[in-house]
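See below for the structure under consideration.
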Protein chains: 2
Amino acid sequence: MASDSQQSQISLRPLERDGFATRILKSLTAYIQAAELKAGDRLPTERALAAQLGVGRSTVREALQTWQAMGLVQIRKGSGTYLAQDIRATSLHVPVTINLEREAVLNSLELRRAIETDAARLAARRGRAEDVERIRAALEEMEAAYAAHGFAIRQDRTFHEAMFTASGNPLYLQIFQQIITRISDAFNGSRENPFVTEPYADESQPDHRRLYEAVAEGDEAGAVAAVMRIIDFVEAALRHDQ
Amino acid sequence: MASDSQQSQISLRPLERDGFATRILKSLTAYIQAAELKAGDRLPTERALAAQLGVGRSTVREALQTWQAMGLVQIRKGSGTYLAQDIRATSLHVPVTINLEREAVLNSLELRRAIETDAARLAARRGRAEDVERIRAALEEMEAAYAAHGFAIRQDRTFHEAMFTASGNPLYLQIFQQIITRISDAFNGSRENPFVTEPYADESQPDHRRLYEAVAEGDEAGAVAAVMRIIDFVEAALRHDQ
DNA sequence: AAAGGTGAGGTGGTCAGACCAATATTAGGC
DNA sequence: GCCTAATATTGGTCTGACCACCTCACCTTT
């Protein structure tokens with residue numbers, strides 16, 4: 001019986017006899033590394049891949065389709081297949097399914113608060129000059145855009161991305177970019193006016209500057225507090241809007 | 001000039017003329033909902049889908065391949081295609097790419113600390129009897145398994161999943177299941193002995209019980225503290241092991 | 001010389017039909 | 001009744017064809 005429990009716990013499954021698709025992707029990964037292809041570069045054509053790999057074109061297509069689903073490549077009809085990310089052999093690709101219930105945006109905001117406060121704290125603790133400089137640049141662009149047009153959605157996103165980058169934990173940036181913003185986009189995409197949070201922007205604008213200053217000065221508590229206030233504003237805007 | 005900047009900000013792109021694949025998936029989603037198919041159920045055969053949708057079989061295959069990449073279906077040669085998740089029309093599927101550098105596990109632990117402390121706090125605040133009961137059941141199973149075999153990896157995971165469920169924010173559970181544990185698995189898979197944290201398990205065992213008690217009593221601070229100690233042990237084990 | 005229009009070739013998108021390999025089902029023998 | 005072998009079903013792959021779209025060089029027009 002003890003051995004039974006053990007069997008079900010020890011991961012004993014290095015079998016996985018992959019189909020062609022998996023092998024093609026491995027081969028392609030090796031090729032991409034060897035050829036030093038970067039994001040944006042074009043891959044060989046489907047016909048060329050099929051010929052060089054010695055498989056049918058439909059098989060190549062299914063493999064590439066898989067990569068597209070994982071966001072690794074972008075297939076453009078009539079043009080070619082392009083790398084969408086820098087690919088390394090050690091990359092792990094996981095699909096995440098999110099049920100867009102009514103509270104999905106508020107839930108994502110809760111998640112954002114949890115990770116962004118920590119990210120701000122880490123950023124203030126590290127205080128790398130290079131990171132601080134990038135945050136400052138993003139901040140000034142955001143303030144300029146806001147002064148000019150009254151909104152600065154893209155610049156705001158860039159600012160927070162710089163924050164997450166400065167935390168030194170790439171997972172934070174990934175979750176922000178690939179989960180939180182996508183939920184937000186999906187939510188905004190189904191509404192008439194996507195600029196839900198704009199009327200509140202001028203209230204949170206000063207806090208963005210305080211956040212930058214706190215990070216620059218290594219003030220962890222101040223950075224966390226600034227993030228809390230910023231997210232409070234977003235949350236208030238959302239609740240008011242719903 | 002102002003209009004230029006505005007153009008680049010306002011999202012003016014509701015075009016996206018999807019290929020067949022996307023339309024097939026939409027149609028399939030509707031069918032699955034209408035037929036009330038649940039996870040584990042078998043989908044119609046590729047040939048049947050092609051005939052009913054009026055498209056070629058290869059097109060159906062590419063669409064299903066996409067779903068498999070997203071983890072929605074499992075395709076079994078010679079048997080059929082099976083639903084791997086309950087699918088709703090409102091589900092959002094995002095691919096997340098993680099670079100498994102050396103520090104990926106420590107990074108994932110940092111992420112886990114950020115979201116699990118918040119999840120524990122929320123769980124203690126809500127204190128739903130049903131959730132508390134499930135946590136208790138998982139705790140007792142874990143303690144029993146640990147007393148019997150000296151390890152309880154699966155039960156430990158179930159316990160924490162019950163915690164995340166009790167938080168009321170499904171995003172937390174998803175990130176734990178689909179990102180954190182997969183990073184951990186990928187890391188363990190490449191090592192001789194996957195039970196890295198086991199020698200430390202008996203130290204963190206009491207804290208699991210304290211975490212349960214804090215949640216049951218609505219003690220938010222106590223729950224957060226217990227999570228912190230648990231993750232401290234895991235982190236210590238990791239650092240010691242590396 | 002610069003702007004806009006045109007056409008040929010390249011590339012992904014789709015289809016049909018065929019055969020293979022793994023699995024599931026059925027029919028047969030004990 | 002149970003095990004086994006023949007058969008049917010289903011996904012996996014290949015081929016070759018045609019279409020729709022994009023690119024880009026070439027040409028016309030201004």
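Protein chains get the first letters and strands the later ones, always in sequence-line order, with residue 1 at the start of each. We use all heavy atoms of the structure for the numbers below, so side chains are in, but hydrogens, waters and symmetry mates are not.
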Are side-chain heavy atoms of Met70(A) and Gln68(A) found at a separation under 4.5 Å?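 No; the side chains remain at least 4.5 Å from each other.
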State, with a plain yes or no, whether a side-chain heavy atom of Thr158(B) is found less than 4.5 Å away from one of Met142(B).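 With C-beta onward as the side chain, the pair stays apart.
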Separation of [X] atom [atom1] from [N] atom [atom2], in whole Å?
{"X": "Leu64(A)", "N": "dT13(D)", "atom1": "CG", "atom2": "P", "result": "14 Å"}
{"X": "Leu43(B)", "N": "dT9(D)", "atom1": "CG", "atom2": "C1'", "result": "16 Å"}
{"X": "Leu49(A)", "N": "dT11(C)", "atom1": "CG", "atom2": "P", "result": "11 Å"}

Worked check of side-chain hydrogen bond (donor to acceptor under 3.5 Å, both in side chains) between Tyr172(A) and Asp118(A): CA-CA 9 Å; Tyr172(A) 284 150; Asp118(A) 194 43; 2.5 Å; yes
Assess whether a salt bridge exists between Arg136(A) and Glu140(A), defined as any Lys/Arg side-chain N lying under 4.0 Å from an Asp/Glu carboxylate O.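 Counted as a salt bridge, because a side-chain N and a carboxylate O are separated by less than 4.0 Å.
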Does a salt bridge link Asp131(B) with Arg134(B), judged by any charged N lying under 4.0 Å from a carboxylate O?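 Salt bridge flag = yes for Arg134(B) with Asp131(B).
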Assign the ring pair Phe176(B) / His160(B) to parallel, tilted or perpendicular, where the plane angle (0 to 90°) is split at 30° and 60°.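 Tilted.
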Let me know, please, whether Tyr82(B) or Thr81(A) comes out on the 5' side of the other along DNA chain C by nearest nucleotide.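 In this pair, the answer is Thr81(A).
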Could you run down nucleotides 13-19 of chain C 5' to 3' and tag each one B, S or - for protein heavy-atom contact under 4.0 Å? BBBS-BB
